[in-house]
Amino acid sequence: MTQLVWFRNDLRVADNPALTAACKSDDEVRACFIITPEQWQEHSWSPARVQFVTAHANALSEELARLGIKLSFIHADRFEDSIGKLESHCSEHGVKALHFNEEYGVNERKRDKAIKHRFDDIGITVRKYRDQTVAPVGEILTQQSEPYSVFTPFSRRWRSWIEETHPGLLPAPKARGGAVSPARIDTVPKAFRDAPDPLVSTGEKAAHDQLERFVEEYGGAYKEKRDFPAIDGTSQLSPYLANGILSGRQCLIAAKQAQAMGGNEEGLATWINEIAWRDFYINILYHYPRVSMHRAFKPETEALAWNTPGDTFEAWKTGNTGVPIVDAAMRQLNQTGWMHNRLRMITAMYLTKNLFIDWRLGEDYFMSRLVDGFLASNNGGWQWSASTGTDAAPYFRVFNPVTQSERFDSNGEFIREWVPELAKLDNKRIHDPGAKSGVIPKGYPRQIVDLKESRKEAIARFQALKN
Ligand code: FAD
């Protein structure tokens with residue numbers, strides 16, 4: 001008889017609850033990963049993400065093969081098709097129990113429910129594990145056993161849970177007999193072949209090296225440096241976290257160990273708070289599934305009269321809005337598959353408050369480009385910026401992208417890197433080349449909307465919701 005581990009958003013051998021549980025038995029352990037290109041397209045997975053996931057699925061296959069666990073790649077276009085394919089795979093290999101770590105998107109939950117239903121019928125045990133967050137999802141609740149919808153009290157409870165519980169890490173399983181030959185995905189599905197060069201190295205070991213380097217060398221300065229896109233102030237671990245090559249627990253514990261060694265205390269405390277944001281948004285997705293069904297967290301904001309997306313949306317997507325920091329950020333996204341957090345907020349606010357274009361379009365565009373596209377955080381970030389979400393930016397506090405640029409890219413270093421048309425402008429003019437009737441360098445557009453007027457209009461439209 002066989003125990004089967006189904007890898008999905010958890011492409012690692014260390015600290016993996018489903019894998020650890022399957023390996024407790026003396027039975028043969030096998031693994032599988034299901035390739036679902038149509039579903040990935042429907043969920044707007046980017047080519048960068050698909051290539052990243054494919055490379056890591058291959059790396060995982062090799063690592064498991066060394067441990068004596070054979071990973072099979074199963075092809076099914078959509079989630080619905082995975083059920084039958086998984087069933088055939090189980091009967092072919094005499095599987096008596098299926099193990100997987102939970103996912104919280106609405107389609108993923110529907111798929112898992114259908115599988116449980118079907119497997120109950122055919123006598124295969126289904127075991128699920130809560131893996132995605134530091135504190136098991138659903139565990140951090142108010143005194144009235146309600147989910148939190150505001151971050152600060154959530155994070156307070158989250159930190160006390162950690163102090164009370166001392167979460168630990170699960171080691172990678174020991175080798176089970178001799179090595180087996182690894183299966184490989186040789187080509188990525190056609191729709192995902194055109195991707196930027198990889199942002200980070202492949203493999204669990206590379207992820208841990210990057211984590212270690214960050215907490216030891218950069219963590220101390222995180223608080224001071226994290227908002228400046230021209231410098232390496234953040235960890236860039238998001239592709240690993242979003243695709244489960246690293247767990248949040250591994251990040252938390254590495255940061256805590258580095259804190260215990262002294263030196264990086266405050267910077268790392270700020271960084272740990274970002275891991276809490278990640279958990280917060282996963283909990284929102286879990287408790288309020290409507291956010292993964294294109295619905296606003298604040299239902300009253302569904303009545304907002306968004307502008308019809310046209311040329312301005314295209315200008316935003318391609319980095320041609322005439323606002324240098326927005327354009328630099330969008331070009332970074334398009335060319336690398338990643339964007340700095342400060343810039344995600346600036347570009348999202350500009351799209352939703354100055355262009356007044358529906359946050360759902362921005363959310364989808366980000367997803368279609370990001371290597372770290374992660375439903376819970378992307379949705380949370382977009383709804384925060386659009387003031388439609390939980391604990392969101394108040395609608396009247398609209399970032400001025402030019403002021404943000406002067407503050408967080410004061411020497412225009414980041415803009416110069418991504419908008420070469422502006423490279424020769426001085427440090428003052430580079431943030432707003434058209435200001436005070438300045439001459440705009442050839443090839444660069446004038447601002448497509450007036451920042452002050454559009455801000456006023458956005459506030460008025462939000463205020464109108466109250467009438
Ligand atoms: P670090 O600053 O080093 O933070 C460490 C980790 O904490 C990150 O890797 C991430 O897992 C988590 N984290 C940090 N900030 C946040 C946050 N605000 N919300 C949730 N988790 C956070 N993050 C994604 O992983 N995937 C997304 O698709 C995504 N889309 C976003 C869209 C918008 C509009 C906004 C405003 C934010 C979005 N974020 C998303 C959150 C954040 O921008 C990225 O996690 C961060 O920029 C990744 O860079 P890093 O790994 O260097 O982060």
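Any value given below was found using the heavy atoms of this structure, including those in side chains, with hydrogens, waters and symmetry copies removed. Counting starts at 1 for both ligands and their atoms, in listed order.
Contact between Tyr222 and ligand 1 is present, with at least one heavy atom of the residue lying under 4.0 Å from the ligand. Heavy-atom separations between Gln236 and ligand 1 include at least one value shorter than 4.0 Å. Contact between Gly380 and ligand 1 is absent, with no heavy atom of the residue lying under 4.0 Å from the ligand.
A salt bridge does not link Asp209 with Arg213: every distance from a Lys NZ or Arg NE/NH1/NH2 to an Asp or Glu carboxylate oxygen is 4.0 Å or more. Under a 4.0 Å N-O distance rule, the pair Arg226/Glu274 qualifies as a salt bridge. Taking a cutoff of 4.0 Å between a charged side-chain nitrogen and a carboxylate oxygen, Lys256 and Glu163 qualify as a salt bridge. Electrostatic pairing of Glu139 and Arg130 counts as a salt bridge here, judged by a charged N lying under 4.0 Å from a carboxylate O. With salt bridges taken as basic N to acidic carboxylate O contacts below 4.0 Å, one links Glu42 and Arg78.
In terms of protein heavy atoms, atom 45 (O) of ligand 1 is closest to Ser238 CB, 4.3 Å. In this structure, the protein non-hydrogen atom closest to atom 42 (C) of ligand 1 is Asn341 OD1, 3.4 Å. Protein heavy atom in closest approach to atom 49 (O) of ligand 1: Trp338 CZ2, 3.4 Å. Of all protein heavy atoms, the one lying nearest to atom 28 (O) of ligand 1 is Phe374 N, 3.0 Å. Nearest protein neighbour of atom 3 (O) of ligand 1, counting heavy atoms only, is Ser235 OG, 2.6 Å. Given atom 4 (O) of ligand 1, the protein heavy atom at minimum distance is Trp271 NE1, 3.4 Å. Protein heavy atom at the shortest distance from atom 32 (C) of ligand 1 is Asn378 OD1, 3.3 Å. Asp372 O, 3.7 Å is the protein heavy atom nearest to atom 25 (O) of ligand 1.
Comparing Gln210, His340, Glu274, Met367 by heavy-atom distance to atom 22 (C) of ligand 1, the nearest is Glu274. Comparing heavy-atom distances from atom 40 (C) of ligand 1 across Glu363, Arg369, Arg344 singles out Arg344 as nearest. Of all the listed residues (Gly381, Ser385, Gly248, Ser377), Ser377 holds the heavy atom that lies closest to atom 20 (C) of ligand 1. Residue Trp277 holds the heavy atom nearest to atom 17 (C) of ligand 1 of all those in Trp277, Tyr218, Phe151, Trp359.
Checked by distance only, ligand 1 and Leu237 come closer than 3.5 Å through their nitrogen or oxygen atoms. For ligand 1, none of its N or O atoms has an N or O atom of Trp382 under 3.5 Å away.
Between Phe396 and Phe462, a ring centre-to-centre spacing not shorter than 6.0 Å is recorded. If you look at Trp45 and Phe192, their ring centroids are not closer than 6.0 Å.
Classified by interplanar angle (parallel below 30°, tilted 30° to 60°, perpendicular above 60°), the ring pair Trp40/Phe33 is tilted. Ring planes of Trp316 and Phe366: parallel class, angle under 30° (limits at 30 and 60°).
Every atom of ligand 1 is numbered from 1 in the order shown, and the set under 4.0 Å from a heavy atom of Met345 is 36 (C). Close contacts between ligand 1 and Tyr281 involve ligand atoms 19 (N), 20 (C) [criterion: under 4.0 Å to a heavy atom]. Near Arg278, meaning under 4.0 Å from any of its heavy atoms, are these atoms of ligand 1: 11 (O), 20 (C), 21 (N). Annotation for ligand 1: atoms under 4.0 Å from non-hydrogen atoms of Leu370 are 28 (O). The Gly373 neighbourhood of ligand 1 comprises atoms 28 (O), with distances under 4.0 Å to a heavy atom of that residue.
Of the heavy atoms in Thr234, both backbone and side-chain atoms come closer than 4.0 Å to ligand 1. Proximity of Phe280 to ligand 1, defined as any heavy-atom pair under 4.0 Å, is not found for any part of the residue. Neither the backbone nor the side chain of Phe214 comes within 4.0 Å of ligand 1, counting heavy atoms alone. At a heavy-atom distance under 4.0 Å, no atom of Trp384 approaches ligand 1. Within the 4.0 Å heavy-atom criterion, neither part of Leu375 lies near ligand 1.
Judged purely by atom type and a 3.5 angstrom limit, Thr390 uses its side chain to pair as donor or acceptor with the backbone of Ser149. Looking at Arg461, its side chain never comes within 3.5 Å of a backbone N or O of Leu304 through a donor-acceptor pair.
The only member of Glu80, Glu103, Gln39 that meets side-chain hydrogen bond (donor to acceptor under 3.5 Å, both in side chains) when paired with Arg111 is Glu103.
To the nearest 0.5 Å, the span separating CD on Gln447 from CG on Asp450 amounts to 7.5 Å.
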Problem set entry | Stepwise ring-ring contact (aromatic ring centres under 6.0 Å, His included) check, Trp271 with Phe214 | CA-CA 10 Å; Trp271 192 68; Phe214 175 75; 5.0 Å; yes
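Considering only heavy atoms from C-beta on, Ser61 stays 4.5 Å or farther from Arg184 through its side chain. Looking at heavy atoms from C-beta onward, Thr202 lies in side-chain contact with His56 at the 4.5 angstrom threshold.
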